[in-house]
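Below is one structure; the comments refer to it alone.
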Amino acid sequence: KQYQKQYQKEYEKTDKRKKYKKEYDNQLCCYNGETLTLQALRKRFRKQGIQHPTAEAKKYIIKED
């Protein structure tokens, strides 16, 4: 278990992980006629006190074909 925690800490620092997280957080969402990033919408929901802000924000992701 200790090895797993250490591996996770090291993985979070890699460029591959940072790039993935940036792309993930910058997905566009449409909420009430407003276009926001996933990260911005998640923060907005968190401030409103929604219990699972990420799960709720994912519902509004604009799908790209």
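All heavy atoms count here, side chains included; hydrogens, waters and symmetry mates do not.
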Measure the spacing between CZ of Arg42 and CD of Glu56 and express it to the nearest 0.5 Å.
13.5 Å

What distance separates Lys9 NZ from Lys13 NZ, expressed to the nearest 0.5 Å?
8.0 Å

Using a cut-off of 6.0 Å, state whether more than 12 heavy atoms not belonging to Glu12 lie near its atom CD.
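Counting neighbours around CD of Glu12, more than 12 heavy atoms of other residues, nucleotides or ligands fall under 6.0 Å, so yes.
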
With a 6.0 Å cut-off (strictly less than), is the heavy-atom count around OH of Tyr11, excluding the residue itself, greater than 12?
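Yes, the 6.0 Å shell around OH holds more than 12 heavy atoms from other groups.
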
My understanding is that a hydrophobic cluster links ILVMFWY residues whose side chain heavy atoms are under 4.5 Å apart, including indirect links. Using that, what else belongs to the cluster containing Ile62?
Leu28

Connected hydrophobic set around Tyr20, excluding itself, where side chains approach under 4.5 Å
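Its cluster mates, by chain and number, are Tyr24, Leu38, Ile61.
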
Nearest heavy-atom pair of Cys29 and Ala57: which atoms, and what distance?
SG-O, 4.0 Å

What residues, two or more places apart in sequence or in another chain, satisfy side chain to side chain donor-acceptor pair (under 3.5 Å) together with Gln48?
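For Gln48 there are no side chain to side chain donor-acceptor pair (under 3.5 Å) partners, ignoring immediate neighbours.
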
My understanding is that only residues two or more places apart in sequence, or in another chain, count here; which of them pass salt bridge (charged side-chain N to carboxylate O under 4.0 Å, His left out) with Lys21?
Asp25

If the condition is salt bridge (charged side-chain N to carboxylate O under 4.0 Å, His left out), which residues does Arg46 pass it with, not counting sequence neighbours?
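Residues passing salt bridge (charged side-chain N to carboxylate O under 4.0 Å, His left out) with Arg46: none at all.
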
Go through the steps to decide whether Gln8 and Gln4 satisfy the test side-chain hydrogen bond (donor to acceptor under 3.5 Å, both in side chains), and finish with yes or no.
CA-CA 6 Å; Gln8 186 66 27; Gln4 187 178 12; over 6 Å; no

Can you pull the side-chain hydrogen bond (donor to acceptor under 3.5 Å, both in side chains) pairs that have at least one residue in residues 30-41, sequence neighbours excluded?
Glu34-Arg44

